[in-house]
**Q** 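Provided herewith is a single structure, encoded as C-alpha cells, for subsequent inquiry.
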Amino acid sequence: MKGLKVRISFVALILFCVVFSACAKSKLPVKELMIKRSDGIYVTVQAEMAVEEEERNYGFMNRKKIPDGTGMLFVFEKDQILSFWMKNTPSPLSIAYLDSEGVIKNIYDMKPYSLAPIVSTVSCRYALEVPQGWYSRAGIRVGDKVMVK
C-alpha cells in the first residue's frame with residue numbers, strides 16, 4: 001500500500017509540474033500598445049511580446065480564449081516579408097502586418113488550425129495578432145499607426 005501511495009504522489013507531482021510549466025509558458029510579458037486611427041482617436045491593446053524565435057514560433061498555439069483588447073506583438077530583427085499560419089491555434093484571429101515605423105500595411109483574418117500561409121504584401125518588422133474582427137470593431141484600418149505606450 002505504501003508503494004502505491006508513493007507512485008500516486010509521484011504521478012501527482014509530475015502532473016503538477018507539467019500543468020505549471022504549461023501555464024507559465026502560456027503568457028509572455030505584456031505591454032500596452034496605442035493605435036492611432038486615421039481620425040486621431042487612440043485605441044489601446046494589451047499585447048504579449050513575442051520577441052525570441054521560440055516565442056514567435058509558438059505564438060497563440062493551443063490558446064482557446066483570447067479576449068478583445070488583448071493580442072500578441074511579434075517582433076522581428078529586420079524588415080522582411082512575413083508569413084504566418086494557424087497551426088494548432090483554435091482561436092480565430094486577425095493579423096496586422098506593421099512596417100518598422102509601426103504603420104499597418106495589411107490586415108487579414110485567419111482561420112483556426114489552417115496551414116495556409118498569410119503573407120504580408122511588403123517587408124514588415126512586426127505582426128500584431130488579435131481576436132478575429134477586433135480591428136474592424138475598434139475602427140482600425142490599414143494606414144493606422146501602432147506605438148508602444
Side-chain angles (χ1 to χ4, degrees), residues 10-149:
F10 180 74
V11 169
L13 176 64
I14 294 296
L15 285 173
F16 172 79
C17 290
V18 168
V19 169
F20 180 78
S21 68
C23 291
K25 286 183 94 175
S26 68
K27 278 212 122 182
L28 297 170
V30 174
K31 291 203 178 192
E32 185 174 57
L33 305 180
M34 303 288 296
I35 303 173
K36 184 178 182 183
R37 299 186 333 192
S38 59
D39 61 6
I41 293 176
Y42 286 87
V43 178
T44 61
V45 61
Q46 299 296 317
E48 294 179 47
M49 305 299 288
V51 178
E52 301 296 326
E53 184 175 2
E54 180 182 320
E55 297 165 343
R56 293 190 305 256
N57 289 341
Y58 197 77
F60 275 134
M61 279 188 193
N62 303 310
R63 298 266 192 105
K64 294 181 179 165
K65 179 92 172 113
I66 302 162
D68 267 359
T70 67
M72 186 174 292
L73 183 68
F74 297 81
V75 179
F76 293 88
E77 293 80 18
K78 61 182 178 144
D79 293 356
Q80 58 193 303
I81 297 294
L82 298 177
S83 181
F84 279 64
W85 63 357
M86 293 286 285
K87 182 179 179 182
N88 298 324
T89 307
S91 297
L93 300 173
S94 293
I95 190 167
Y97 289 119
L98 322 171
D99 68 13
S100 58
E101 299 296 316
V103 176
I104 298 174
K105 296 300 185 177
N106 306 112
I107 297 175
Y108 300 109
D109 287 338
M110 302 191 301
K111 294 180 183 179
Y113 299 108
S114 174
L115 299 181
I118 306 297
V119 183
S120 66
T121 59
V122 297
S123 288
C124 291
R125 179 77 53 98
Y126 310 98
L128 179 58
E129 289 182 340
V130 297
Q132 192 170 92
W134 183 81
Y135 290 118
S136 182
R137 291 189 294 279
I140 296 165
R141 295 177 172 73
V142 169
D144 292 350
K145 187 170 183 174
V146 179
M147 300 161 277
V148 176
K149 186 173 180 184

**Q** Can you see which heavy atom on S83 is nearest to which on P117, and at what distance?
**A** OG-CB, 3.4 Å

**Q** Does CZ belonging to R137 count more than 12 external heavy atoms closer than 6.0 Å?
**A** yes

**Q** Would you say I118 and N106 make side-chain contact, with heavy atoms under 4.5 Å?
**A** no

**Q** To check you understand the geometry: which heavy-atom pair defines the closest contact between T89 and F60, and what is its length?
**A** CG2-O, 3.7 Å

**Q** For G139, does its backbone N or O pair with a side-chain atom of R141 as donor and acceptor, under 3.5 Å?
**A** yes

**Q** Please determine whether side-chain contact (heavy atoms from CB on, under 4.5 Å) holds for the pair L93 and M110, giving the CA-CA distance in whole Å, both sets of side-chain angles, and the decisive distance to 0.1 Å.
**A** CA-CA 5 Å; L93 300 173; M110 302 191 301; 4.0 Å; yes

**Q** Which distance, rounded to the nearest 0.5 Å, do you find between the CG of L28 and the CE of M49?
**A** 9.5 Å

**Q** Run the side-chain contact (heavy atoms from CB on, under 4.5 Å) test on W134 and I140 for me, step by step, so that the C-alpha distance in whole Å, both residues' side-chain angles and the decisive distance to 0.1 Å come before the verdict.
**A** CA-CA 8 Å; W134 183 81; I140 296 165; 3.4 Å; yes

**Q** Starting at NZ of K78, measure out to OG of S123 and round the result to the nearest 0.5 Å.
**A** 9.0 Å

**Q** In Å and rounded to the nearest 0.5 Å, what is the NZ to CD1 distance from K145 to I104?
**A** 11.5 Å

**Q** Between M61 and K87, what is the shortest heavy-atom contact and its length?
**A** CG-O, 3.2 Å

**Q** Find the distance between CE (M72) and NZ (K27) and round it off to the nearest 0.5 Å.
**A** 9.0 Å

**Q** Once you round to the nearest 0.5 Å, how far does NZ of K149 lie from CG of L33?
**A** 11.0 Å

**Q** Measuring from atom CG of L82 to atom SG of C124, what distance do you get when rounded to the nearest 0.5 angstrom?
**A** 5.5 Å

**Q** Specify the closest pair of heavy atoms between S91 and K64, including all atoms of both residues, with the distance to one decimal.
**A** OG-O, 3.1 Å

**Q** Before you tell me yes or no, could you show the steps for I95 and F74 under side-chain contact (heavy atoms from CB on, under 4.5 Å), namely the whole-Å CA-CA distance, both residues' side-chain angles and the distance that decides it to 0.1 Å?
**A** CA-CA 10 Å; I95 190 167; F74 297 81; 5.7 Å; no

**Q** Please report the shortest heavy-atom distance between I66 and T70, naming the atom on each side.
**A** CG2-OG1, 3.6 Å

**Q** Between the side chain of Q46 and the main-chain N/O of G69, is any donor-acceptor distance below 3.5 Å?
**A** no

**Q** With a 4.0 Å cut-off on N to O distance, would you call E101 and K36 a salt bridge?
**A** no

**Q** Any Lys/Arg nitrogen of D79 or R125 sitting under 4.0 Å from an Asp/Glu carboxylate oxygen of the other?
**A** yes

**Q** Is there a donor-acceptor pair under 3.5 Å between the side chain of R37 and the backbone N or O of Y42?
**A** no

**Q** Is any side-chain heavy atom of S114 less than 4.5 Å from a side-chain heavy atom of W85?
**A** no

**Q** Run the side-chain contact (heavy atoms from CB on, under 4.5 Å) check on V122 and D99 step by step: do they pass?
**A** CA-CA 8 Å; V122 297; D99 68 13; over 6 Å; no

**Q** To check you understand the geometry: which heavy-atom pair defines the closest contact between T121 and Y108, and what is its length?
**A** CG2-OH, 3.4 Å

**Q** Donor-acceptor check, side chain of S136 to backbone of G133, threshold 3.5 angstrom: yes or no?
**A** no

